[in-house]
Amino acid sequence: MTFVMRLDDNGHYKKHGGKGMMISQKDSFLAVQGASRIQNTGGIKMVKIENLVKRYGSLLALDHFNIEVKEGEIFGLLGPNGSGKTTAINCILSLLKFDRGSIRIMGEEMTPDNYRVKREIGIVMQDVAVFEELNVWDNIDCFCGLYVKDKKKRRELVEEAIRFVGLEDYRKSYPKKLSGGLLRRLNIACGIAHKPKLIIMDEPTVAVDPQSRNRILEGICELNRQGSTIIYTSHYMEEVEQICTRIAIMDHGRSIAVGTKEQLKSMIKTGETVTIEAVVLGEKALSDIRELPHVFDMTYSGQTLTVRCTGAQHNLVRILNYLQNREIPFGRVFSELPTLNDVFLEITGKQLRD
Amino acid sequence: MLHLMKYSLLTKVKNISAIFWPLIFPLLLATMMYFAVGTMEESDFETIPVALVAETDLSKGERGVQTEEVFQAFLSSVETDSELIHVEEMTGEQALKALENREVKGIFYSGSEPSLTVGSNGLAETILQMLLESYSEGKQTLEDIARLHPEGMEAAVRQMAQSASAVEQVSLGGRTTNGSAQAFYAVIGMACLYGCFLGFGSAMEIQANLTALAARRCAGPVHRLKMVFSEIIVCFGLHFANTLILLAYMKYILRLEFAGSYAEMVPVLLVGSMIGVTMGIFITSIGKTKEGVKIGIMLAFSMTFSFLAGMMNVETKNLIDRHAPFINRINPAALISDALYCLNVYDAPKRYAQDIVILSVLCVLLAAGTFLIIRRKRYGSI
């Protein structure tokens with residue numbers, strides 16, 4: 001069953017479409033890492049999308065999509081491919097028509113002619129969007145020039161952008177000579193050179209090597225520290241977890257849950273997932289493990305046991321004690337705290353990577 | 001706007017595939033045509049045999065006799081000054097028989113209103129018709145000269161005959177021809193239309209539903225019309241330069257000699273370049289088909305237009321002129337080729353002007369159509 005969780009005015013999550021569930025927001029804030037980032041989330045609304053509906057013929061791409069992005073946030077849009085992330089971004093940028101709803105950026109309605117607002121936005125497209133015929137410097141200058149007319153100032157901004165993405169040695173290189181990672185960095189430099197207040201990044205790390213990916217993610221955090229609000233879409237939950245201050249999980253064109261990663265994880269039942277490999281269990285043992293305290297779900301397949309427990313402590317110890325007491329041999333053991341994939345799984349009944 | 005134009009120009013100049021079709025391909029084609037068509041024409045071209053039947057209009061007295069004399073003098077001058085026609089005086093009966101036996105291509109009747117009878121349609125018959133039209137246009141002047149200043153008659157007839165016999169003066173690569181000229185004009189027409197590839201490139205970079213690059217540009221704070229204008233200006237300027245290079249190549253490298261003034265050919269290239277560019281932007285702007293499909297459509301259009309304009313076989317244009325003239329009146333390649341032919345062969349300024357006007361109207365229609373499509377600012381899908 002799919003249901004939607006939203007933060008209400010009192011700071012509680014409400015589950016829509018299923019049995020009601022109230023979770024205190026207070027506890028989840030205590031565990032937040034990088035508290036300084038969270039403090040920014042109380043700021044002015046940078047982007048507000050209400051009831052956005054977008055259809056492609058009979059396909060409903062955005063289904064009453066709602067988000068609010070506050071100034072200073074790195075706001076993540078997380079969802080599997082086809083969940084509507086890019087469609088939402090294109091609507092925000094006023095490139096796509098939509099059937100219903102409203103989009104406000106910096107308090108103003110976003111329209112194709114709202115050049116004042118557009119001037120404050122930087123875009124990093126999912127596909128690398130640079131001119132093959134221009135070298136690195138010219139590409140950045142070309143896009144920066146759409147926003148900044150003053151040549152001297154632009155020259156400084158271009159140099160700054162080149163340094164920022166680490167392309168100092170490639171100023172005169174043409175895109176076809178750059179590796180995938182360097183190309184992605186150029187793509188980012190073209191979008192951020194004019195120092196926009198709002199940066200929209202649509203899966204900027206797709207097909208990028210780990211080294212470049214880390215550099216890009218560090219760069220995004222740095223841009224945020226410098227004052228830019230960032231909307232970051234991805235289907236890589238690790239990236240979103242790593243850099244985003246708040247996250248909207250999307251599925252079938254809807255934001256099914258919104259909050260910090262801790263808030264999202266606290267919404268679900270799973271507190272710990274224990275996986276034990278190379279273990280041979282009979283019906284009796286499986287039944288006993290299922291009956292252990294805090295165990296609410298269990299799967300056993302190919303001699304691998306996966307046990308989901310609620311957030312209580314000592315789950316792993318209890319399970320291992322049971323196996324040792326009955327002299328049941330086992331292989332490697334893993335204990336994982338809940339991930340955003342668990343959140344997605346529990347809400348939608350399917351894996352984020354499906 | 002200058003910033004947009006600067007980078008638009010840079011990207012186009014550095015893009016080999018973008019300049020291949022509008023510039024390199026026409027140069028190659030002109031070179032190949034120089035060796036192929038020129039040689040062929042050398043052996044094909046022959047003096048046109050024509051019969052002259054005297055039909056003195058006695059009812060008009062001295063005036064009728066004078067008209068007949070003036071016309072005969074005109075034909076005689078064309079025959080003497082060039083080898084374009086060979087005139088043989090015959091009776092009406094003999095002339096018709098000769099025409100039937102294909103011994104002559106046409107019969108001129110030299111009455112008070114000279115007329116022409118031909119047995120079929122073709123290049124030779126067209127030339128005879130043009131000769132008659134040239135005479136008719138200057139007839140009154142010649143008759144006035146004959147009446148008032150008979151001593152200047154010979155010079156006047158010679159002057160007019162020179163104008164009418166421009167066909168003979170067209171010497172391409174040292175080879176006497178007019179059919180090959182038509183083919184070269186069709187190449188120029190095709191080159192103009194190949195500006196569509198520059199227009200195509202521009203449309204791909206300014207319509208958000210076509211490429212990510214265009215989407216990024218459209219998301220920026222630049223007014224759509226400013227973007228479109230800068231692209232059109234750059235494409236047009238660049239392609240106009242392409243066509244001038246082609247013309248210079250024909251003149252200085254291939255050493256083709258055009259009878260008309262080069263300056264008069266420039267307006268044709270100007271409008272032709274514009275129509276090529278607008279056609280490209282227009283076709284690319286329609287719908288959201290794949291890049292390859294759009295290129296295919298453009299190639300199909302420009303090649304078909306060029307074929308109908310007589311690029312592959314000069315008779316094609318003549319055939320269409322005879323059986324479906326409307327097609328060539330709206331075919332940009334045929335209009336460009338025809339305008340050049342008017343300048344260099346027919347010496348028909350009215351028709352030249354008409355061609356330019358039609359081309360300009362087509363240009364405006366295509367540009368207006370493009371704006372109607374491109375002014376759309378949000379797309380249904382990207």
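Throughout, a chain's letter reflects where its sequence line sits, starting with A, and its residues are numbered from 1. This is a predicted model, so every value here is computed, not measured.
Remark: Lys195(A) NZ is loosely packed, at most 12 non-hydrogen atoms of other residues, nucleotides or ligands lying under 6.0 Å away. Heavy atoms from other residues, nucleotides or ligands lying under 6.0 Å from CZ of Phe301(B) number 12 at most.
Within residues 124-136 of chain A, the residues approaching chain B closer than 4.5 Å by heavy atoms are, in numerical order, Val124(A), Met125(A), Asp127(A), Ala129(A), Val130(A), Phe131(A), Glu133(A), Leu134(A).
In terms of heavy-atom pairs under 4.5 Å with chain A, the best-connected choice from Lys6(B), Glu205(B), Arg216(B) is Arg216(B).
Atoms SG and CD1, on Cys218(B) and Ile123(A) in that order, are 10.0 Å from each other to the nearest 0.5 Å.
In this structure, no portion of Asp202(A) lies under 4.5 Å from any heavy atom of chain B. In this structure, chain B has heavy atoms under 4.5 Å from both the backbone and the side chain of Cys190(A). Looking at Asp138(A), the atoms closer than 4.5 Å to chain B (heavy atoms on both sides) sit in the backbone and in the side chain alike. Neither the backbone nor the side chain of Lys151(A) comes within less than 4.5 Å of any heavy atom of chain B. Of the atoms belonging to Leu4(B), it is side-chain heavy atoms, and not backbone ones, that fall under 4.5 Å from chain A.
For residues 155-174 of chain A, there are no ring-ring contact (aromatic ring centres under 6.0 Å, His included) pairs, not counting sequence neighbours.
Across every non-hydrogen atom of Pro221(B) and Tyr147(A), the tightest pair is CD-CE2, 3.3 Å. Nearest heavy-atom pair across Arg217(B) and Phe143(A) is CG-CE2, 4.1 Å. For Leu95(A) against Ala219(B), the heavy-atom pair with the smallest separation is CD2-N, 4.0 Å.
Shown are Asp141(A), Asn139(A), Leu146(A); of these, the side chain to side chain contact (heavy atoms under 4.5 Å, CB included) with Tyr7(B) is made only by Asp141(A).
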